[in-house]
Amino acid sequence: MTNKILQTSFYNRPTRQVAQDLLGKIIIRQIGRKKYYGLITETEAYCGPQDQASHASKGRTPRTEVMFGPAGHTYIYLIYGLYHCFNIVTEKKDYPAAVLIRGALPLPKEWLGGVTLPLSKREMAEGQRGLASGPGKLCRYFKIDKTLNNLDITKPNKLWLVDSGLKPQRIIRRPRVGVDYAGKYKDKKWRFITRFS
DNA sequence: CAAGAGATCATCT
DNA sequence: GATGATCTCTTGA
């Protein structure tokens with residue numbers, strides 16, 4: 001089974017569409033010879049300069065600069081002094097938007113390509129489930145930190161995504177987390193969750 | 001269970 | 001000087 005790397009054309013689309021389409025895709029993190037795999041189960045969309053929940057709503061700053069860059073690059077920052085958040089920049093250059101990867105299901109290290117449902121007991125093993133659930137835990141599991149900021153993830157280098165061929169059965173929409181300050185944007189249901197079980 | 005507090009620092013005002 | 005796109009642990013019912 002082929003597992004095509006997601007290209008710029010995938011990310012260079014409306015952000016909420018990308019956020020939904022990312023569910024069921026696979027994160028590959030390579031460190032030396034080791035590879036770690038994760039099936040994406042939860043994302044959030046941050047859409048443009050008018051979205052008050054987005055860091056970019058305050059304008060262009062050194063930190064948010066990458067959000068204004070081309071699609072298919074990472075935007076990684078430190079939150080609360082101790083956790084990292086992994087975002088993927090979307091849409092065209094100079095339009096600041098990104099998708100926060102909030103959760104993934106770690107796959108076995110021997111994973112070679114392709115995913116079929118239902119997942120095996122091993123894939124659903126207790127303990128796996130919680131390892132990358134939540135933006136901070138996900139970055140901890142995949143060892144993602146600011147050294148990977150502004151990385152081109154359309155190339156198989158350190159961190160990239162592939163299409164698993166899997167389609168989520170059902171997508172749950174919820175308001176985004178921790179954005180009470182975002183005025184009329186705080187209740188937008190731009191958080192997308194699915195389950196593979 | 002649910003609720004609350006603490007950890008800890010880059011970033012922006 | 002304040003704050004946050006979080007998580008974990010503790011407390012108490």
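Below, read A as the first sequence line, B as the second, and so on, with proteins coming before strands; counting in each chain starts at 1. Source: prediction; values computed, not measured.
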Practice problem: Answer yes or no: is there a side-chain heavy-atom contact under 4.5 Å between A:Ser133 and A:Leu131? | Solution: no

Quiz item: What pairs with A:Leu82 under side chain to side chain contact (heavy atoms under 4.5 Å, CB included), at least two apart in sequence or on another chain?
Solution: A:Tyr80

Quiz item: Counting heavy atoms not belonging to A:Lys137, are there more than 12 under 6.0 Å from its NZ?
Solution: yes

Practice problem: Assign A:Lys58 to base, sugar-phosphate, or nothing according to its heavy-atom contacts below 4.0 angstrom with the strands shown. | Solution: nothing

Quiz item: Apart from A:Tyr181 itself, which Ile, Leu, Val, Met, Phe, Trp or Tyr residues share its cluster (side-chain heavy atoms under 4.5 Å, direct or through members)?
Solution: A:Tyr46, A:Leu100, A:Val179

Practice problem: Looking at every strand, decide which applies to A:Arg63 at a 4.0 Å heavy-atom threshold: base, sugar-phosphate, or nothing. | Solution: sugar-phosphate

Exercise. Taking all non-hydrogen atoms of both residues into account, name the closest pair between A:Ile153 and A:Ile5 and its distance.
Key: O-CG2, 4.2 Å

Quiz prompt | Result of checking A:Arg102, A:Arg176, A:Lys188 against A:Glu44 for salt bridge (charged side-chain N to carboxylate O under 4.0 Å, His left out) | solution = A:Arg102

Quiz item: Is the Lys NZ or Arg CZ of A:Lys93 less than 6.0 Å from the centre of A:Phe68's six-membered ring, within 45° of the axis?
Solution: no

Self-check item: d(CZ, A:Arg60; C1', B:dT11) in whole Å
Solution: 18 Å

Quiz item: Yes or no on side-chain contact (heavy atoms from CB on, under 4.5 Å) for A:Val162 and A:Ile28, after CA distance, side-chain angles and deciding distance?
Solution: CA-CA 8 Å; A:Val162 298; A:Ile28 302 181; 3.9 Å; yes

Quiz item: Between atom NE2 of A:His73 and atom CG of A:Leu148, what is the distance when rounded to the nearest 0.5 Å?
Solution: 13.5 Å

Quiz item: Quantified in whole Å, what is the P atom distance between nucleotide B:dA3 and nucleotide C:dA5?
Solution: 22 Å

Practice problem: Go through DNA chain C in 5' to 3' direction and return only the first and the last nucleotide with some atom under 4.0 Å of chain A's heavy atoms. | Solution: C:dG4 to C:dT8

Exercise. Could you tell me whether A:Arg60 and A:Asp94 make a salt bridge, using a distance below 4.0 angstrom between a side-chain N and a carboxylate O?
Key: yes

Self-check item: Nucleic acid contacts of residues 86-94 of chain A, taken as heavy-atom distances under 4.0 Å to DNA chain C
Solution: A:Asn87

For nucleotides 1-9 of chain B, give me every protein contact, N/O to N/O, under 3.5 Å, one pair per line with atom names.
| residue | atom | partner | partner atom | Å |
| --- | --- | --- | --- | --- |
| B:dT8 | O2 | A:Tyr80 | O | 2.6 |

Practice problem: Quick one: label A:Arg140 by what it contacts on the DNA or RNA (base, sugar-phosphate, nothing), any heavy atom closer than 4.0 Å. | Solution: sugar-phosphate

Self-check item: Cation over ring face, A:Arg13 and A:Phe10, 6.0 Å, 45°
Solution: yes

Quiz item: Is NZ or CZ of A:Arg173 both nearer than 6.0 Å to the six-membered ring centre of A:Phe192 and within 45° of the ring axis?
Solution: no

Self-check item: Pairwise side-chain contact, A:Tyr185 with A:Trp190, heavy-atom cut-off 4.5 Å (strictly under)
Solution: yes

Quiz item: In dot-bracket notation, what is the pairing pattern of DNA chain B, taking Watson-Crick (N1-N3 plus N6-O4 or O6-N4) and G-U wobble (N1-O2 and O6-N3) contacts under 3.5 Å, with [ ] crossing and | for other strands?
Solution: |||||||.||||.

